[in-house]
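Step one of this worksheet: look at the structure below.
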Amino acid sequence: MQRSEVSAPADSETLRPAAIRHAQRHLARHLAALSEFCAIPSISADPNRREDVAQAAAWLAAQLESIGVRQSRVIPTPGHPIVYGELAASRPGQPTVLVYGHYDVQPDGPLEPWESKPFIPANRGEFLFARGAADMKGPLYATIAAVEAMLQQGSVPVNIKFIFEGEEETGSPNLGPFLEAHKTMLAADVCLNLDAGLLDYEAPTITYGLRGIVAMEIRVHGPRQDVHSGIFGGVVHNPAEVLARLIAALRDGGGGIAIPGFYDGVRLPDETERAELARLPITEASILEQTGVPALWGEPGFSPVERAGGRPTLEVNGLVSGCAGDSFATIIPASALARISFRLVPDQDPELVSSQLTRYLETLLPSTVRLEVKLLAGSPAILGERTSPATRALDRALAAAWEKPPYYQRGGGGIPIVSQMQSILGISSVLSGLAGPGDSCHGPNERLHLPTFERGIEAVIHFLHNFAQS
Ligand SMILES: [Zn+2]
């Protein structure tokens, strides 16, 4: 690998503040570049935006090139391309950080609620408004700005590999095969992922756990086709009713799940972890306000924060049968369909949960109907080591940039890339982010909080230095 001339390894305690000062001095330029990036409508889900997505990839590769990442390139996939680049540390024997990001964005949706056009970035107050500003062009660009500031001081303290994908918002269909095909190229000690957000601009956050998922379809088949209830009512069993009974039987009397064996693999959070979760600035009142429900619900014995991140759940995501639209007809429907999903925690096995559900439903099923159960998707939960060197490096980095210790949260959802990094490359991820709950990721008027963006750049500089020393 090419490298600019290497002087004697300078002290990180002089390089680090120098890099931070450099980033601060160049903030206006970074903001201009980020606005340029956000102006590219790289909506991965929209086939008409294919060229825009490609343009965003080219823009990123050029950006990496311009800061001194000489190996940067755009690598095609069957879908949208991946941008890749490498930098060598100033000294041999240093660890390697894989910096993950995605440059695609959500669709802009109905334009009416937007106060300024989604792809004409606008500065208002402390915010940059644009689709993708928070999720996650801003956080991604913060990693580039941080590395640029470090390179301006001569070198980076760790080996760095950048991987930026263009299909995160469509479920990363080509990322898994890409990781499989480039295992050696992507080898690293840890992955830094800033796509997990923070609890509040004043609450730097490390997401150390992500729940897994099992998504399934349950179909109950009755008569060959919809039949007249005046003729067959009372004689033919109604599949919609059978399905309703089956679904009701999945729940125990409280908020628990009644499927035999379901809780066997579930690991309970330990006391330290429960105490840490209790610190999180999330209250019953804040959840009531966010959702508009009259009261909270759920498994007794666990706080809302624990239930939403540390306990497994079951949700009915959709029900379809008979007159599901506006019309009404007196029929017995031919079939009834439920789409359900579980959120899993360590150490539950998605395949096992799927077969436990199927077996349980079969035992409950009356002989008057037929049952079809399909597993649509499954991935296990991820739980990071809260005491790993990378997590400690990130902890100290956030604490330095925010001048307060970070919060540790378990994310209720999953980030597929994190499981893929783990299962395919054997690389664990440290997760944080710069998008707050009010930044409308995926909604209208998406925005990036600029003081948080600035702290983010600083935190990345700290993280890379901290990790080099660990
Ligand atoms: Zn994202």
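Atoms within each ligand, like the ligands themselves, are counted from 1 in listed order. Note: hydrogens, waters and symmetry copies are ignored here, and every other heavy atom, side chains too, is used.
In this structure a side-chain-to-backbone donor-acceptor pair under 3.5 Å is missing from Arg70 to Gly85.
Only protein N, O or S atoms were considered, and those under 2.8 Å from the Zn ion (ligand 1) are His102 NE2, Asp135 OD1, Asp195 OD1, Asp195 OD2.
With Phe302 as the aromatic partner, Arg311 meets the cation-pi criteria of under 6.0 angstrom to the ring centre and within 45 degrees of the ring axis. A cation-pi contact, defined as under 6.0 Å to the ring centre and within 45° of the axis, links Arg124 to Phe129. Taking the ring axis of Tyr407 as reference, the NZ or CZ atom of Arg279 stays within 45° of it and closer than 6.0 Å to the ring centre.
Applying the side-chain hydrogen bond (donor to acceptor under 3.5 Å, both in side chains) test to every pair with at least one member in residues 429-441, sequence neighbours left out, gives these pairs: Tyr201-Asp439, Asp439-Arg447.
For Lys117, the NZ atom is loosely surrounded, since the number of other residues' heavy atoms within 6.0 Å does not exceed 12.
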